[in-house]
Number of protein chains: 2
Amino acid sequence: MTRRLETFLDSLTQASSLDDLQSSVVRLRDVYEVEHLVYHSVKSTGQQYAALTYDPSWVDHYVAEGFEKIDPVVQGCFQRFTPVDWKRLDWSHKSARTLLGDGITAGLGNQGFSIPIRGPAGQFALFTVNHKASDEQWASFTTEYMHELILAAHYMNERALAMEGSDEIKAGQSLSPRETDALTLLAAGMNRSQAAERLKISEHTLRVYIESARFKLGAANTTHAVANALLRGLICL
Amino acid sequence: MTRRLETFLDSLTQASSLDDLQSSVVRLRDVYEVEHLVYHSVKSTGQQYAALTYDPSWVDHYVAEGFEKIDPVVQGCFQRFTPVDWKRLDWSHKSARTLLGDGITAGLGNQGFSIPIRGPAGQFALFTVNHKASDEQWASFTTEYMHELILAAHYMNERALAMEGSDEIKAGQSLSPRETDALTLLAAGMNRSQAAERLKISEHTLRVYIESARFKLGAANTTHAVANALLRGLICL
DNA sequence: AATTCCCTCCCCAGAAATAGGGAGGGAGGT
DNA sequence: ACCTCCCTCCCTATTTCTGGGGAGGGAATT
């Protein structure tokens, strides 16, 4: 393991606040001598959890324009597991090119490399390196540092999740086997009578499981309960 | 990056079948000189995608007993982001101790270390090292190799997902912004009237979006559509 | 031995979702 | 310019789900 990564991981383990994460990111950016380094969790509910080196005015502009909804980086990483070079993404959409242009105006480099990371409760985050470079320079940079970046992304996310308190195991929120079965079948698209038939129980009984699961999950309705269970990793198709 | 990891990654990039993954895992197991090395994707639908060094009879027993439903390794990793030492898991349940006993009888070591990995469409997989060792030996092993194991897990999963064809972007399956909004609010537990009010459209219009999304996703009902959209990463709470 | 889940079954009334249909305006891309 | 997709609104009837209630047996933990 390289020294620069060790140093970063040390600074992470000592991090106890978002500001600390921010400092770590800035230092790592300087070590790699790139334009920008960004960690941010993606939530459609609005608020994001981020540590980044972008200019605040760019971030404001990005949020104000609702760019997270059309950003090919966000959308593309959302759909894949592997880290991706920005060049490989689909920039054909008009709004995407607007975003790209605005970004470069705001001081972003033309090259980018983003690593998607997923947490246990459906959390999704991006770890991104951005730089001004030629395609050749960038290819050699990403090839050389990919392993390190993946690890950096992993540990960065680990710290961020720990601060969110999301890595704690939720007590008493586990579902019983039958409740899990019920929600799983509903998530798979069955209605109650089909699911009951599959589980070889009466539809009435199935309903009790669904209600019980809904109660445990604090869900308002079946759809909410299924969504919650999926996000919390309580069921898996 | 260490040579042993490079060798493993090379063998992975050449892997084109599950058998190749299996061979890679066996070789890496020998390099690390541990009892067992396991990659397996976890699906409640039954079939799993695995490359492992366990004895087939143990795997059969595990499946036959339905151990995946009560295995603290699976359950525990499902709930967290960080790699975890088996000792830190909750083995207090009776069935968990049965599993542990059966495992050791079947030739598993007393120590284990598992890394959870999540894919873009809700896939969940485990990368596990198992060995016979004292607590001290094991602690030093995991500390020394954790970075490598995380990377190995990452690339292993990358190959497995590529073979499943899950890293390809699904064409034409994207939802329109309003459809995304609608499903997102439903996933958050709102009913149609609440969601319509939030989006400032009529409930009738909202219904059209839901139906349209259901059609695009090939979903049988709203719950199915929401579950699908969550798993495909089309919506995010 | 007592308690605390979990599994199973049942009723009913009201609320919500579903399956069909139709219609017009607007933005983007070929 | 045309075509396609998206957004918006409206109707009706049928099916399904939700929210209350109650009850008994079994397994596991304390």
Side-chain angles (χ1 to χ4, degrees), chain A residues 66 69-70 90-99 171-187 189-227 234, chain B residues 66 69-70 90-99 171-187 189-227 234:
Chain A
K69 288 189 179 176
I70 54 99
D90 174 23
W91 295 94
S92 64
H93 221 273
K94 194 184 175 186
S95 53
R97 284 193 298 268
T98 306
L99 164 65
Q173 295 294 17
S174 64
L175 300 176
S176 78
R178 283 313 220 181
E179 288 159 357
T180 305
D181 292 341
L183 292 191
T184 302
L185 294 179
L186 292 180
M190 292 186 184
N191 60 28
R192 296 201 298 199
S193 63
Q194 291 172 321
E197 190 182 0
R198 169 72 74 90
L199 295 176
K200 292 172 183 167
I201 56 178
S202 77
E203 189 177 332
H204 302 285
T205 303
L206 184 83
R207 211 190 51 177
V208 175
Y209 296 144
I210 299 168
E211 281 176 25
S212 163
R214 221 175 36 220
F215 179 75
K216 284 183 181 175
L217 296 168
N221 52 46
T222 301
T223 300
H224 194 193
V226 168
L234 300 173
Chain B
K69 289 189 178 175
I70 54 99
D90 174 21
W91 295 94
S92 64
H93 220 275
K94 194 184 173 186
S95 52
R97 284 192 298 268
T98 305
L99 164 64
Q173 296 293 17
S174 63
L175 300 176
S176 77
R178 283 312 221 181
E179 289 159 357
T180 305
D181 291 341
L183 291 191
T184 303
L185 294 179
L186 292 180
M190 291 186 183
N191 60 29
R192 297 201 296 199
S193 66
Q194 290 172 321
E197 189 181 0
R198 169 73 74 92
L199 295 176
K200 290 171 184 165
I201 57 178
S202 78
E203 190 176 332
H204 301 285
T205 303
L206 184 84
R207 209 192 50 179
V208 175
Y209 296 145
I210 298 170
E211 282 176 25
S212 163
R214 222 178 35 218
F215 180 74
K216 284 183 181 175
L217 296 168
N221 53 45
T222 302
T223 300
H224 194 195
V226 168
L234 301 173

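Everything numeric here is computed off the predicted structure, so don't read it as measured data.
- Atom-to-atom, CD1 of Ile70(A) to P of dC6(D) comes out at 17 Å; the value is rounded to the nearest Å.
- Taking side-chain N and O atoms only, Lys216(B) has a distance below 4.0 Å to OP1 or OP2 of dC6(D).
- Base contact: Thr205(A) has a heavy atom under 4.0 Å from a base atom.
- If Ser212(A) and Ser92(A) are placed on DNA chain C by their nearest nucleotide, the residue sitting closer to the 5' end is Ser212(A).
- Closest to the side chain of His204(A), out of dC10(D), dC6(D), dC10(C), is dC10(C).
- The minimum heavy-atom distance between Leu183(A) and Ala213(A), with the atom names listed, is CD1-CB, 3.8 Å.
- Atom CG of Asp181(A) and atom C1' of dC6(C) are 13 Å apart (whole Å).
- If you check dC6(C), dC9(C), dC6(D) against the side chain of Pro177(B), the one that comes closest is dC6(D).
- Distance check: Leu206(B) CG to Glu211(B) CD gives 10.0 Å after rounding to the nearest 0.5 Å.
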Item to check | Base versus backbone protein contacts along nucleotides 14-28 of chain D [heavy-atom cut-off under 4.0 Å; B, S, -] | outcome: ---BBBB--------

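- We find that Arg207(B) and Glu203(B) are not joined by a salt bridge, their nearest charged nitrogen and carboxylate oxygen being 4.0 Å or further apart.
- Rounded to whole angstrom, the span from the CG atom of Leu183(B) across to the P atom of dC6(D) amounts to 13 Å.
- Around atom CZ of Arg97(B), more than 12 heavy atoms belonging to other residues, nucleotides or ligands sit under 6.0 Å away.
- Spacing between atom OH of Tyr209(B) and atom P of dT18(C) amounts to 17 Å, rounded to whole angstrom units.
- Here the CD-CZ distance, from Glu179(B) to Arg214(B), works out to 12.0 Å after rounding to the nearest 0.5 Å.
- Rounding to whole angstrom units, CG of residue Leu206(A) and C1' of dT8(C) are separated by 12 Å.
- Side chains of Thr205(B) and Arg178(B) form no contact here, defined as non-hydrogen atoms less than 4.5 Å apart.
- Here dC9(D) presents its P atom at 11 Å from CG of Leu199(B), a figure rounded to the nearest Å.
- Here the closest non-hydrogen pair linking Asn221(B) and Met190(A) is ND2-O, 3.7 Å.
- An OP1 or OP2 oxygen of dC9(C) is reached within less than 4.0 angstrom by a side-chain nitrogen or oxygen of Ser202(A).
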